[in-house]
> 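Next up is a structure, given as structure tokens.
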Amino acid sequence: MSSAAHFSNERVFRGFLVWFCSWGLLSLTCAAGRLSVSSQNLEVHKHLKRLNKPAVKSIQSPDGDIIDCVHISKQPAFGHPFLKDHKIQMNPSTIPDLLFGEKKVSEKPKERTNPVTQLWHQTGACSSGTIPVRRTKKEDVLRASSAKRYGKKKHRTVPLPRSADPDLANQSGHQHAIAYVEGGKFYGAKATINVWEPKVQSSNEFSLSQLWILGGAFGQDLNSIEAGWQVSPDLYGDNNTRLFTYWTSDAYQATGCYNLLCSGFIQINSQIAMGASISPVSGFHNSQYDISITIWKDPKEGHWWMQFGDGYVLGYWPSFLFSYLAESASIVEWGGEVVNMEEDGHHTTTQMGSGQFPDAGFSKASYFRNIQVVDSSNNLKEPKGLNTFTEKSNCYDVEVGKNGDWGHYFYYGGPGRNPNCQ
């Protein structure tokens, strides 16, 4: 049975229950139902209290979000038992350097791109000593299968380049178009990612573009640090393009979450909000916007840091959260991911990137440019032996290139369902 049919049947069943209860029938069942709703409400209320910390001030964003300016020492990270007495590191000991001889970026006029900001900046700012936290609403948590699963990815969402088994791709419901490097020790990665607002067919699907820093096996103990942009109606309740991060130390089973939706990532920056809308986004044959993301391992403290753009050091994932990544990463991936629920028996029309295939080129297809890895000396360098992977190239594809301005780059994405992808 498809998930759509399942939800439809469940709604009919609930309708019958409401009718019976209104006539005083099935009294025990109705009482149990009310208890179930009551315990769910209590669970949601407790979860919201854990996530939404007291605000120094609150900012109403034009997109409907509320951004709470929370004192840096009161942020959700400090709910973790290992972080109770943690001394916040306000700066990384060092930021990765370009290797001597590797060119800085100089863009051609015809491929001029623009940096982006966040929508909530139009109506306010958080002061120094506080961090901006997107407030979680009751309806956000209720969209999840449970309060416990809210803000978590499902198992098997990392692209598996070495096991391009179509059956596995179909089972997981996730499809990718990525570039990757493997077989070495990596201490971070960087990319500049073109920002779009892809159309998502149904509320339980998403479309994202990100980088993955991976360690361990793809089974039960995978460590992953991720960051990029996403459109996820289920997580955020709308179709806006939003900045996100993710982490897990056990292949998405019990540990980790998006953004600040669990204890883990420690934010130090007062200007950028995890999960907040990015604005503006790129237009077809129009102005192009992109974001730069750098993630690296501090050689002194061992924590994994994240920088947004050239000036915003956002914060860090403490090294104790991880097993394999406590030392280094073994794979780095860059690219797009969508969920394909096949709700009507056909491939989803959810777009990846801009919704165009890579051969459409600049201002039409989405890109990653200036992709680099961080070596053991904390230098940014070109990725050696860059590979590509996609489960179904007729639905979403990827094409790599290299030039003097963009260094290693690739175009990626696609429309999903089309005459060659059913």
Side-chain angles (χ1 to χ4, degrees), residues 3-4 6-8 10-11 14 37 40-41 43-53 55 58-70 76 116-124 132-154 157 173-174 195-210 226-246 252 256-262 265 272-281 337-341 343 348-352 355:
S3 56
H6 171 77
F7 286 126
S8 174
E10 194 175 302
R11 275 197 294 269
R14 282 179 178 169
V37 169
Q40 183 195 38
N41 281 338
E43 189 186 357
V44 169
H45 176 73
K46 280 159 71 175
H47 200 65
L48 289 171
K49 201 170 178 185
R50 277 196 294 271
L51 294 177
N52 295 327
K53 303 300 181 184
S58 298
I59 298 161
Q60 183 78 49
S61 176
D63 60 0
D65 280 358
I66 297 170
I67 304 296
D68 289 325
C69 303
V70 174
V116 302
T117 182
Q118 291 191 302
L119 214 47
W120 68 276
H121 291 168
Q122 294 176 16
T123 48
V133 180
R134 179 183 182 268
R135 187 183 298 178
T136 302
K137 298 169 183 170
K138 183 179 178 181
E139 54 267 31
D140 293 334
V141 182
L142 288 174
R143 280 192 303 273
S145 57
S146 69
K148 195 176 177 184
R149 290 302 306 167
Y150 171 65
K152 293 182 181 292
K153 280 190 177 185
K154 292 177 177 64
T157 64
H174 289 246
V195 179
W196 292 81
E197 193 174 83
K199 299 285 181 286
V200 174
Q201 180 181 311
S202 76
S203 62
N204 56 350
E205 296 180 333
F206 65 60
S207 180
L208 58 74
S209 298
Q210 67 168 76
E226 308 168 25
W229 60 258
Q230 68 182 161
V231 174
S232 178
D234 193 47
L235 186 60
Y236 303 106
D238 61 26
N239 288 75
N240 291 355
T241 301
R242 295 170 175 275
L243 175 70
F244 83 94
T245 60
Y246 200 92
Y252 307 96
C257 61
Y258 281 110
N259 307 326
L260 304 180
L261 297 177
C262 67
F265 185 83
I272 301 295
M274 301 292 195
S277 298
I278 295 171
S279 178
V281 296
E337 176 184 356
V338 300
V339 175
N340 172 32
M341 296 301 292
E343 288 193 342
T348 184
T349 57
T350 289
Q351 299 173 333
M352 181 189 291

> Apply side-chain contact (heavy atoms from CB on, under 4.5 Å) to residues Leu261 and Tyr150 and explain how you reach the verdict.
CA-CA 8 Å; Leu261 297 177; Tyr150 171 65; 3.9 Å; yes
> Return the minimal non-hydrogen interatomic distance between His47 and Arg50, and the atom names on each side.
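Smallest heavy-atom distance, with atoms named: ND1-NH2, 3.0 Å.
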> Could you tell me which residues satisfy side chain to side chain donor-acceptor pair (under 3.5 Å) with Gln118, sequence neighbours excluded, listed by chain and number?
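Gln118 satisfies side chain to side chain donor-acceptor pair (under 3.5 Å) with Trp120 once adjacent residues are dropped.
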> Taking only residues two or more places apart in sequence or in another chain, which ones pass side chain to side chain contact (heavy atoms under 4.5 Å, CB included) with Thr117?
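Once residues adjacent in sequence are excluded, the partners of Thr117 under the side chain to side chain contact (heavy atoms under 4.5 Å, CB included) criterion are His121.
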> With sequence neighbours excluded, tell me which residues meet side chain to side chain donor-acceptor pair (under 3.5 Å) with Arg134.
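For Arg134, the residues satisfying side chain to side chain donor-acceptor pair (under 3.5 Å) (neighbours in sequence not counted) are Asp65.
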> List the steps, then state whether side-chain contact (heavy atoms from CB on, under 4.5 Å) holds for Phe265 with Leu260.
CA-CA 7 Å; Phe265 185 83; Leu260 304 180; 3.8 Å; yes
> Roughly how far, to the nearest 0.5 Å, is OG of Ser232 from CZ of Phe244?
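Taking CZ in Phe244 and OG in Ser232, the distance rounds to 9.5 Å.
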> After noting the C-alpha distance and the side-chain angles of Tyr258 and Met274, does the key distance pass the side-chain contact (heavy atoms from CB on, under 4.5 Å) rule?
CA-CA 9 Å; Tyr258 281 110; Met274 301 292 195; over 6 Å; no
> Determine whether Glu337 and Glu226 satisfy the following criterion, side-chain contact (heavy atoms from CB on, under 4.5 Å), listing intermediate values before the conclusion.
CA-CA 12 Å; Glu337 176 184 356; Glu226 308 168 25; 5.5 Å; no
> How close do Gly256 and Lys152 get, heavy atom to heavy atom, and via which atoms?
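Residues Gly256 and Lys152, closest heavy atoms: O-NZ, 2.6 Å.
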> Taking all non-hydrogen atoms of both residues, which atom of Asn340 and which atom of Thr348 are closest, and how far apart?
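Scanning both residues completely, I find the closest heavy atoms to be OD1-N, 2.9 Å.
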> Hey, could you give me the NE2/CD distance between His174 and Glu205, rounded to the nearest 0.5 Å?
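Going from the NE2 atom of His174 to the CD atom of Glu205 covers 10.0 Å.
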> Residues two or more places apart in sequence or in another chain: which of them pass side chain to side chain donor-acceptor pair (under 3.5 Å) with Asn259?
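Residues passing side chain to side chain donor-acceptor pair (under 3.5 Å) with Asn259: Tyr236.
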> On a heavy-atom basis, which atom in Thr123 and which in Ser61 lie closest, and how many Å separate them?
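Closest pair (atom of Thr123, atom of Ser61, distance): OG1-CA, 3.9 Å.
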> Roughly how far, to the nearest 0.5 Å, is OG1 of Thr350 from CE of Met341?
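Going from the CE atom of Met341 to the OG1 atom of Thr350 covers 10.5 Å.
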> About how many Å separate CG of Leu235 and OG of Ser203, when rounded to the nearest 0.5 Å?
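The distance works out to 12.0 Å.
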> Would you name the heavy atoms of Glu43 and Ala147 that are closest together and state the gap between them?
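In terms of heavy atoms, the two residues are closest at OE2-CB, 3.7 Å.
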> Output all residues satisfying side chain to side chain donor-acceptor pair (under 3.5 Å) with Asp68, sequence neighbours left out; order by chain, then residue number.
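Ser58, Arg135.
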> Can you name the nearest heavy-atom pair linking Val141 to Leu48, along with the distance?
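Reported closest heavy-atom pair: CG2-CD2, 3.8 Å.
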> What distance do Gln210 atom CD and Gln230 atom CD have between them, rounded to the nearest 0.5 Å?
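The CD atom of Gln230 is 8.5 Å from CD of Gln210, to the nearest 0.5 Å.
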> Starting at CZ of Arg242, measure out to OG of Ser279 and round the result to the nearest 0.5 Å.
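It comes to 11.5 Å.
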> For the residue pair Tyr246 and Tyr252, does the interplanar ring angle fall in the parallel (under 30°), tilted (30 to 60°) or perpendicular (over 60°) class?
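Ring orientation of Tyr246 relative to Tyr252: tilted.
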> Between Asn204, Asn239, Asp238, which is the residue that forms a side-chain contact (heavy atoms from CB on, under 4.5 Å) with Pro233?
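Filter result, single survivor: Asn239.
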> Listed by chain and number, what are the side chain to side chain contact (heavy atoms under 4.5 Å, CB included) partners of Lys199, not counting sequence neighbours?
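So Lys199 forms a side chain to side chain contact (heavy atoms under 4.5 Å, CB included) with Gln351.
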